[in-house]
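The structure appears below as structure tokens.
The first residue in the sequence is number 1, and the count goes up from there.
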Amino acid sequence: MVSWNNLDTLTSYKELQALKGRVNVAEVMSGENGAKRVKEYSVPMAEGLVYNYAAKEVDDTILAALAKLAEEAQLSEKYKELYNGAMMNTGEKRLVLHQLARGQQGDPVIYDGVDKREFYVSQQNKVKEFADKVHSGEITNAAGETFTTAVQIGIGGSDLGPRAIYLALENWAKTNGTLKMEAKFISNVDPDDAAAVLKSIDVSRSLFIVVSKSGTTLETLTNESFVWNALKEAGLNPSDHMLAVTSETSPLAKSSDYREAFFMDDFIGGRYSSSSAVGGAILSLAFGPEIFARILNGAAAQDATAKNEDILKNPSMLDALIGVYERNVQGYLCTAVLPYSQALSRFPAHLQQLDMESNGKCVNRFGERLNYVTGPVIFGEPGTNGQHSFYQLLHQGTNIVPLQFIGYRNSQIGMDVDIQGSTSQQKLCANVAAQIVAFACGKEDENRNKNFEGGRPSSIIIGDQVTPESIGALLAHFENKVMFQGFVWNVNSFDQEGVQLGKLLAKRVLAHDTDGALKEYSDLLNI
């Protein structure tokens with residue numbers, strides 16, 4: 001029987017609090033001790049990835065306490081409930097089935113007489129059939145020309161995850177000859193966003209994918225109208241170029257304004273929707289359905305590792321628990337995500353939404369105010385760019401910020417040059433190795449401006465190369481990490497009421513129904 005309890009009521013949490021400050025990272029990562037930890041403190045992930053946590057502030061005693069916390073908080077049991085179709089989204093009274101879109105882990109999930117796995121597969125097949133016809137030239141524009149560009153119109157989870165994955169694989173696909181169409185994304189209601197995309201493409205040979213589960217998202221519908229007008233001004237029939245990804249009950253579902261509609265449901269939240277038609281349509285058009293299937297396979301393989309009850313063999317759960325220790329015991333506010341791969345340039349932005357929208361909550365699953373902190377602030381940029389930006393604060397600032405590195409042994413494109421005895425890829429990898437040790441161990445100097453205290457904890461996920469399978473596994477790792485942390489904190493990680501108030505007030509502004517400060521700001525902005 002699963003029970004939901006606040007973190008501060010758990011005996012294991014009180015034991016964990018007594019271990020605060022037990023590990024000095026600078027000491028344990030120095031010399032041969034550090035070398036031994038790097039070898040021992042690693043957990044295999046799916047698709048050849050490895051999660052290494054040697055530079056974290058943990059030892060065997062803390063890991064044992066975290067294992068007790070995982071058991072008392074029933075993390076494995078709650079995960080089993082999720083993939084077997086329990087109502088895990090208590091705020092909206094919904095199932096949570098994004099993992100089902102990429103594989104059946106448990107019992108069949110039947111809702112209103114519908115096998116939900118079969119529903120998701122049917123939509124994947126529908127996307128595949130459409131994409132194959134576009135790529136073969138069976139589906140063309142009115143002039144009989146092939147479509148060369150796919151443009152996603154969406155915001156939040158309808159943009160961030162699919163965009164991050166497309167950018168992660170764009171150069172890989174070009175190198176491997178699997179880039180079928182260029183992909184573009186319009187998300188911001190700022191007209192400059194849509195205008196810039198439209199100026200960069202041939203609209204007559206472009207398909208536009210409008211993504212809105214409800215069919216009522218203000219920014220998305222505004223940008224759709226923007227594109228619609230551009231198509232008409234170009235002398236084109238907009239409905240020949242428009243696709244929809246939406247729910248079967250939305251206003252978009254049966255509209256003749258769309259050449260085709262692909263369906264999702266309320267059981268897959270926006271920030272978890274890359275595995276659904278939200279990611280499937282744009283990524284299948286860009287890379288081919290077979291590549292999208294490989295992304296799903298990588299994600300499913302990583303989901304399977306999350307079932308392991310041993311935290312030392314469950315990288316997502318271990319990563320989550322160490323994060324809880326850092327947030328609730330060590331008291332760290334932020335986590336920096338630092339991918340040493342240009343391919344992952346937008347992955348930190350996706351993780352910002354995934355983590356902060358999921359676990360940025362101050363009440364528990366029952367609406368009761370919490371007496372402890374929950375989700376951290378997430379930020380990040382690719383290395384080595386970040387080193388010349390905000391690493392100063394990370395190294396010598398007054399606050400300690402835990403770091404989550406991601407690195408790959410090989411580049412995607414294969415082009416490189418040997419300069420001063422090493423290649424660019426070797427220089428990139430040298431930098432991430434150096435940064436981990438520099439953050440952990442520091443360097444003493446009599447000149448206080450040049451003194452590095454060290455003791456800055458980090459982990460790294462290491463892989464061979466960014467591929468469809470490895471990006472799928474990486475995506476699932478962080479989704480599952482966030483899920484496990486939500487279980488520990490006893491929050492609902494699957495709703496996002498925090499985005500609603502601003503939307504309501506914006507509607508009042510547009511309707512000129514304002515007073516007080518809202519009216520004054522509206523006047524200042526000439527609305």
Side-chain angles (χ1 to χ4, degrees), residues 45-50 131 135 148-152 160-185 197 200-201 274 279 282-299 301-302 337-351 380-389 404-436 460-475 477-478:
M45 296 170 58
E47 306 301 343
L49 298 173
V50 173
H135 298 152
T148 57
T149 305
V151 182
Q152 183 110 317
L160 289 165
R163 189 196 294 246
I165 295 171
Y166 173 76
L167 292 175
L169 295 176
E170 181 182 22
N171 285 325
W172 176 90
K174 289 178 180 177
T175 302
N176 289 277
T178 61
L179 186 68
K180 308 289 187 181
M181 300 172 69
E182 185 181 27
K184 299 279 188 174
F185 297 83
V197 170
S200 72
I201 63 175
S274 294
I282 186 73
L283 297 173
S284 294
L285 285 168
F287 303 130
E290 297 79 9
I291 301 303
F292 181 62
R294 289 172 60 180
I295 296 170
L296 296 186
N297 289 341
Q302 185 61 29
V337 179
L338 310 169
Y340 275 63
S341 169
Q342 188 60 29
L344 300 185
S345 61
R346 289 296 288 169
F347 200 70
H350 166 63
L351 294 186
E381 282 289 327
T384 58
N385 297 36
Q387 293 176 200
H388 296 268
S389 175
Q404 194 134 37
F405 291 98
I406 305 169
Y408 298 88
R409 301 178 187 92
N410 300 302
S411 64
Q412 287 184 312
I413 303 176
M415 293 176 59
D416 209 340
V417 61
D418 191 307
I419 298 176
Q420 298 178 342
S422 60
T423 66
S424 298
Q425 183 66 24
Q426 288 172 330
K427 290 179 175 68
L428 179 70
C429 291
N431 270 276
V432 69
Q435 290 295 331
I436 294 171
I460 183 169
I461 294 173
I462 301 173
D464 285 327
Q465 188 186 54
V466 181
T467 64
E469 289 83 0
S470 69
I471 196 66
L474 194 68
L475 178 79
H477 170 80
F478 284 102

What pair of heavy atoms forms the shortest contact from [X] to [Y], and how long is it?
X	Y	result
Pro289	Ala131	CG-CB, 4.0 Å
His135	Ser284	CE1-O, 3.2 Å
Ala46	Ala473	O-CB, 4.0 Å
Leu160	Arg346	CD2-NH2, 3.7 Å
Ile282	Ala183	CD1-CB, 3.9 Å
Pro348	Gly380	CB-O, 3.7 Å

Qualifying residue, where the test is side chain to side chain contact (heavy atoms under 4.5 Å, CB included) with Glu182 and the options are Val151, Thr149, Leu285: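 Of the listed options, the one satisfying the test is Thr149.
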Leu474 and its side chain to side chain contact (heavy atoms under 4.5 Å, CB included) partner, picked from Leu351, Ile406, Val466: Ile406
Spatial distance of atom [atom1] ([X]) from atom [atom2] ([Y]) [nearest 0.5 Å]:
X	Y	atom1	atom2	result
Glu47	Arg294	CD	CZ	9.5 Å
Thr384	Gln342	OG1	CD	9.0 Å
Leu283	Ile165	CG	CD1	5.5 Å
Ile291	Thr467	CD1	OG1	9.5 Å
Phe287	Asn176	CZ	CG	11.0 Å
His477	Leu49	NE2	CG	9.0 Å

Flag, side chain of [X] to backbone of [Y], donor-acceptor distance under 3.5 Å:
X	Y	value
Gln425	Tyr408	yes
Gln152	Phe185	no
Lys184	Ser200	no
Ser470	Gln465	yes

Side-chain heavy atoms of Arg163 within contact of His350, under 4.5 Å: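 Not touching, per the 4.5 Å side-chain cut-off.
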Test item: Ile295 and Ile471 side chains (from C-beta on) under 4.5 Å apart, heavy atoms: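 Side chain of Ile295 against side chain of Ile471, heavy atoms only: contact under 4.5 Å found.
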All side-chain contact (heavy atoms from CB on, under 4.5 Å) counterparts of Gln435, not counting sequence neighbours: Tyr340, Gln387, Tyr391, His395, Phe405, Phe439
Do any side-chain atoms of residues 168-175 form donor-acceptor pairs under 3.5 angstrom with protein atoms, and if so which ones, sequence neighbours left out?
from   : atom 1 : to     : atom 2 : distance (Å)
Glu170 : OE2    : Tyr166 : OH     : 3.2
Thr175 : OG1    : Asn171 : O      : 2.9

Set of residues satisfying salt bridge (charged side-chain N to carboxylate O under 4.0 Å, His left out) with respect to Asp464, sequence neighbours excluded: Arg409
